[in-house]
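First up is the structure itself, then whatever we jot down about it.
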There are 2 protein chains.
Amino acid sequence: MSKANSAPELDAADRRILRVLQRDGRIAVTQLAEEVGLSATPCLRRIRRLEEAGVIARYAALVDPKRVGLPIQAFVQVALSSHAEEVAEAFHKAIAAREEVLAAWAMSGDMDYLLHVVAADFDAYAEFALKALLRMPGVKETRSSFVLTALKPPGAVPV
Amino acid sequence: MSKANSAPELDAADRRILRVLQRDGRIAVTQLAEEVGLSATPCLRRIRRLEEAGVIARYAALVDPKRVGLPIQAFVQVALSSHAEEVAEAFHKAIAAREEVLAAWAMSGDMDYLLHVVAADFDAYAEFALKALLRMPGVKETRSSFVLTALKPPGAVPV
DNA sequence: CCTGAAATTGCCGCTAA
DNA sequence: TTAGCGGCAATTTCAGG
């Protein structure tokens with residue numbers, strides 16, 4: 001299981017379910033069923049199938065960083081000096097351990113990684129960028145850009 | 001309401017609630033209450049307060065783009081040729097209308113925007129980048145980087 | 001459609017300013 | 001004393017079979 005295969009064949013009803021659940025992840029199954037034009041039982045079966053197939057990775061409350069004292073957001077591009085497996089591995093571990101890194105991707109192009117980072121203020125950000133990130137294993141170069149405004153909120157995948 | 005003020009004073013219990021709800025947004029209030037050491041009633045009251053204060057923006061099912069036929073992910077940096085209000089406004093509208101743009105931020109630095117984009121394949125991505133994005137109002141230059149792997153899943157804000 | 005569990009609400013008691 | 005918070009109990013709604 002777990003790895004599961006790419007496309008578990010989504011029909012129109014599945015897609016409707018996914019659209020609603022991405023918008024309101026805590027909706028009652030009863031109400032969801034009504035919105036997608038099914039009765040509760042088959043609707044619940046479909047939800048379970050989507051969960052088990054990994055189409056729905058999990059459910060989450062989306063927390064606004066600004067409202068919890070983390071008004072600074074930045075994206076940092078990172079280049080490693082070596083692409084040796086051990087170096088990358090150590091870097092991954094270091095990233096995983098830092099809670100201010102909300103998300104991280106390995107990228108194509110001249111920079112190897114992109115990090116989405118939050119911080120309480122510029123001092124905290126500087127602390128992260130200079131003391132933590134630059135000293136992580138293999139880090140050669142970083143380039144930070146700060147988020148001025150979020151144009152589009154944490155979006156929904158178009159299904 | 002809606003805009004609400006920055007920090008509605010979170011105590012330790014609020015933070016515990018937020019940590020759990022970011023990890024499992026569909027947990028039963030009863031169980032959540034137990035995990036954070038409260039009974040259901042005050043726990044539910046706190047949840048409602050966090051929702052109303054905008055600390056919890058919403059709940060969402062997190063859908064894996066790969067599992068719904070969107071295996072290509074990219075980040076695109078965009079520079080506008082003009083920063084006139086109308087140009088920016090028109091660009092924002094154009095971005096909002098494109099479902100393949102999961103998220104968009106206005107950024108500091110030499111590029112004005114960062115977009116997180118998904119696509120079914122490279123053709124679809126090229127279509128978006130060349131036909132849609134480059135023709136959006138005010139777009140001067142774009143630079144795409146593709147996601148190779150997601151190191152850190154859609155993260156939780158550290159509260 | 002039925003049964004057990006969960007969400008929600010009213011009401012009361014405790015504590016701190 | 002009052003505002004704020006937590007808990008029990010009753011009611012309504014939901015999940016899951």
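To find a chain, count down the sequence lines: A is the first, B the second, and so on, and within it residues start at 1.
For B:Y113 and B:H92, the ring centers sit closer than 6.0 Å to each other.
Distance B:L38 CG to D:dG4 C1': 14 Å, rounded to the nearest Å. Summarising the geometry, the separation between CG on B:L50 and C1' on D:dC5 is reported as 14 Å, rounded to the nearest angstrom. Per the geometry, CD belonging to B:E34 stands 13 Å off P belonging to D:dG7, to the nearest Å. Here D:dC14 presents its C1' atom at 13 Å from CG of A:L32, a figure rounded to the nearest Å. The distance between atom CD of A:E51 and atom P of D:dA15, rounded to the nearest whole Å, is 12 Å.
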Where along nucleotides 3-17 of chain C does protein come under 4.0 Å, by heavy atom, of base (B) or sugar-phosphate alone (S), with - for untouched nucleotides? ---SSSBB-------
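Dashed line: the shortest gap from a side-chain N or O of B:R46 to OP1 or OP2 of D:dG6 is under 4.0 Å.
Pairs of residues two or more places apart, or lying in two chains, that qualify as salt bridge (Lys or Arg N to Asp or Glu O under 4.0 Å) and include a residue from residues 139-152 of chain A are A:E141-A:R143. Note on residues 94-103 of chain B: pairs passing salt bridge (Lys or Arg N to Asp or Glu O under 4.0 Å), not counting sequence neighbours, are B:R98-B:E100. Listed by first then second residue, pairs satisfying ring pair (Phe, Tyr, Trp, His ring centres under 6.0 Å) with a partner in residues 129-159 of chain A read A:F122-A:F146, A:Y125-A:F146, not counting sequence neighbours. Residue pairs meeting the ring pair (Phe, Tyr, Trp, His ring centres under 6.0 Å) criterion with at least one member in residues 36-56 of chain A, sequence neighbours excluded, do not occur.
For A:A61, the side-chain contact (heavy atoms from CB on, under 4.5 Å) test picks out B:L21, B:I56, B:Y59, with sequence neighbours left out.
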